[in-house]
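Residues: numbered from 1 along the sequence shown. Ligands are counted one by one from 1 in listed order, and the atoms in each one are counted from 1 as well. Basis for what follows: all heavy atoms, side chains included, without hydrogens, waters or symmetry-related copies.
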Amino acid sequence: MERKAHELAWQECIEIIRDNVNPQSFKTWFEPIKPMKLSNKILTIQVPSQFFYEWLEEHYVQILHKTLKKVIGPNAKLEYSVIVENATSQHSEPFTINLPTGNSSKPVNNELGMPINMDSPIKNPFIIPGLRRMNIDSQLNPRYTFDNFVEGECNKLARNAGLAIAQKPGGTAFNPLMIFGGCGLGKTHLAHAIGNLIKQQHKQKVVVFVSAEKFINQFIDSARQGNNNQFVNFYQYLDVLIVDDVQFFSKKERTQEVFFQIFNHLHQNGKQIILTCDRAPKDLKNMDERLLSRFKWGLSADLSTPDFDTRVSILENKMYQDGITLHKDVVEYLAHNIDTNVRELEGALISLLAQGSLTRKHLDLNLAKQTVKNFVKNSTREISIDYIQKLVCDFYNIPVEAVKSKTRKREIVQARQIAMYFTKDLTKASLKNIGIFFGGRDHSTVIHACQTVNDLIETDKKFRQDVEEIEKRIKINTF
Ligand code: ADP
Ligand code: MG
């Protein structure tokens, strides 16, 4: 078959370029290009993606320019046709780049159909200026994979939904996937595992993992710098967005608003959203109703406490990874006695190993018993009511007994109320139990205390500062 003019011209160009760039770059950036058309000295080439076009323009504009002039003539022009990948709409219009500047003043569409002005590339916290798209750091932790996420009844639904999503991100009914459950049960691990598997199976997909706290801070920073649009653009540009611990969006109204906008955009464009939360969506407080209803759109899957067999498997898996062997009795003893969550279970194992190696003791059942005893006593991460009472009383320089007494002295009442408030906030104790711990008071007293503290935080600056300081002390000493 006779070769067409554009093919011949491009063939000639490619020979010149081959001699002028290194082989790896040539293979990556020039081999995939397809010549489409040559008319009026305009050569149209097809490139596989928006990013590809940007890369060429950024790195090879000079050589393209020179080569085209040489092959086609001084008035040569280059026109790009971008294949729109994974797009909801397949349309792609060629656009012309006038050499020699190589800059197009015309905005082009990325695969979301969102116009990007090429003169002002998206700035975002993850991209090194000048390098776009491919350089978005996923912020994924490669250590958290499906391989080391042991399956059990406690996580079956969430784990399998995660696997299905990784095959077809955005293409399943599980959008968003909301993974919820208590502390230390594997939410963060699973969220990373899904992201990692997506990256592995769909190299082109842009995945970002972000904690809700980081998202909030980025948003605040962007607002401060007047960059809100860039912030939004960045997140709307992703194929997969994973947000860890969305309960932290509670009370953050402006962040909720902007997240709502991003969520809608991604969802409408068939992009995958994965969220984790420390409670079921229905139990989230201070969250915009519209956002809450969206959280429930896809699949909410909970992680619960693993049963005994799963706990044993998790320990065995961990030992296998670390190349450790322990007697079966020891493993079962640990699994039997640490039934709170996986983080504690891992903690006990590490603590046992540390004891063994530091004291050169044999890792036997006796040592395990000792460790578990110490472990449960010393490092339960749940904050205790005693502890909160002590810190608050230390802060106000009053004896702990005072908050449990009948005294109605103003400063004691206040300390008592603050301690109740933190107990409600930071422990799982019921209102009734809190009342009991504070000298046998009624649950309505506890509600009243929490309301009073909330009101004073709003209205009294000094009070608010005190509460913040106490909170800091509690948290520094606990987490
Ligand atoms: P969460 O985010 O729910 O608080 P994490 O994801 O941080 O919990 O998990 C706590 C620890 O327990 C991590 O080290 C994680 O690797 C481990 N873990 C949790 N679930 C499993 C599981 N099913 N298999 C193996 N390790 C697990
Ligand atoms: Mg977590």
Side-chain angles (χ1 to χ4, degrees), residues 138-163 165-166 176-197 208-217 241-250 274-281 283-284 295 300-324 326 331 334-335 337-354 375 379-383 426-428 475 478-479:
S138 287
Q139 314 278 315
L140 286 165
N141 184 339
R143 283 194 309 115
Y144 289 141
T145 63
F146 273 102
D147 289 342
N148 59 25
F149 190 75
V150 175
E151 178 167 352
E153 277 309 316
C154 55
N155 59 34
K156 205 171 205 149
L157 177 64
R159 192 177 185 281
N160 284 316
L163 282 169
I165 286 171
L177 172 66
M178 165 68 91
I179 304 165
F180 69 95
C183 153
L185 293 177
K187 301 179 296 292
T188 302
H189 184 140
L190 182 56
H192 278 285
I194 301 170
N196 282 320
L197 190 58
V208 164
F209 177 102
V210 64
S211 70
E213 277 176 299
K214 190 163 171 187
F215 184 92
I216 295 165
N217 290 333
L241 172 59
I242 306 170
V243 186
D244 198 19
D245 288 322
V246 293
Q247 72 274 9
F248 289 121
F249 284 161
S250 140
I274 297 161
L275 310 167
T276 79
C277 187
D278 71 351
R279 64 203 78 178
D283 297 327
L284 274 171
F295 286 175
S300 297
D302 74 322
L303 298 180
S304 53
T305 321
D307 57 20
F308 175 74
D309 289 338
T310 312
R311 294 203 293 277
V312 170
S313 303
I314 290 173
L315 285 173
E316 281 171 346
N317 178 280
K318 189 101 188 87
M319 286 156 37
Y320 174 76
Q321 280 175 50
D322 297 350
I324 310 156
L326 286 178
V331 177
L334 289 180
N337 285 280
I338 314 273
D339 58 1
T340 42
N341 66 53
V342 184
R343 191 174 292 138
E344 299 267 312
L345 194 61
E346 283 185 356
L349 178 65
I350 293 166
S351 167
L352 174 68
L353 297 174
F375 190 81
S379 57
T380 17
R381 312 230 165 135
E382 174 84 353
I383 305 171
L426 301 174
T427 75
K428 293 200 180 79
K475 293 201 163 155
T478 318
F479 298 113

Please identify which atoms of ligand 1 are closer than 4.0 Å to at least one heavy atom of [X].
X	result
Cys183	4 (O)
Asn155	23 (N)
Lys187	1 (P), 2 (O), 3 (O), 4 (O), 6 (O), 8 (O)
Tyr144	16 (O)
Asn148	24 (N), 25 (C), 26 (N)

How far apart are the closest heavy atoms of [X] and [Y], and which atoms are they?
X	Y	result
Val150	Arg159	C-NE, 4.4 Å
Met178	Val246	CE-CG2, 4.1 Å
Asp147	Asn317	O-ND2, 3.9 Å
Thr305	Cys154	O-CB, 3.7 Å
Asn148	Thr145	OD1-O, 2.9 Å

Quick test: of every protein heavy atom, which one is nearest to [atom], and how far off is it to 0.1 Å?
atom	answer
atom 2 (O) of ligand 1	Thr188 OG1, 2.7 Å
atom 4 (O) of ligand 1	Gly184 N, 2.8 Å
atom 23 (N) of ligand 1	Val150 O, 2.9 Å

Are any of the N or O atoms of [X] closer than 3.5 Å to those of ligand 1?
X	answer
Gly186	yes
Ile314	no
Val342	no

The one among Glu344, His189, Arg343, Arg159 that brings a heavy atom closest to atom 7 (O) of ligand 1: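 Nearest heavy atom to atom 7 (O) of ligand 1 lies in Arg343.
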
Less than 6.0 Å separating the ring centroids of Phe215 and Phe249?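 Yes, they do, as the ring centres are separated by less than 6.0 Å.
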
Check: Gly182 main-chain N/O paired with Lys187 side-chain donor or acceptor under 3.5 Å: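 Judged by distance alone, yes, a pair lies under 3.5 Å.
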
Looking at side-chain heavy atoms only, is the closest gap between Leu284 and Gln247 below 4.5 Å?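 Side chain of Leu284 against side chain of Gln247, heavy atoms only: contact under 4.5 Å found.
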
Interatomic spacing from SG in Cys277 to CD1 in Ile179 - rounded to 0.5 Å: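 Reported to 0.5 Å precision, the distance equals 11.0 Å.
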
Heavy atom of Asn317 under 4.0 Å from ligand 1?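 False for this residue.
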
Heavy atom of Gly182 under 4.0 Å from ligand 1?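 Yes; Gly182 lies near enough to ligand 1 that a heavy-atom distance drops under 4.0 Å.
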
Can you sort out the partners of Ala335 under side-chain contact (heavy atoms from CB on, under 4.5 Å), two or more places apart, ordered by chain and number?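 So Ala335 forms a side-chain contact (heavy atoms from CB on, under 4.5 Å) with Phe308, Arg311, Val312, Leu315.
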
Pair Glu151-Asn155, side-chain donor/acceptor within less than 3.5 Å: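 No - no donor-acceptor pair under 3.5 Å links their side chains.
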
Just by distance, no angles: are the side chains of Thr276 and Asp244 close enough, under 3.5 Å, to form a donor-acceptor pair?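 Thr276 vs Asp244: donor-acceptor pair found between side chains.
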
salt_bridge(Arg343, Glu346) N-O dist < 4.0 Å: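 Between Glu346 and Arg343 there is no salt bridge, as every charged N stays at least 4.0 Å from the carboxylate O atoms.
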
Is any protein N, O or S atom closer than 2.8 Å to the Mg ion (ligand 2), and if so, which?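 Hits for the Mg ion (ligand 2) below 2.8 Å: Thr188 OG1.
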
Side chain, backbone, both or neither: which applies to Glu346 and ligand 1 if a contact is any heavy-atom pair less than 4.0 Å apart?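 Side chain only.
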
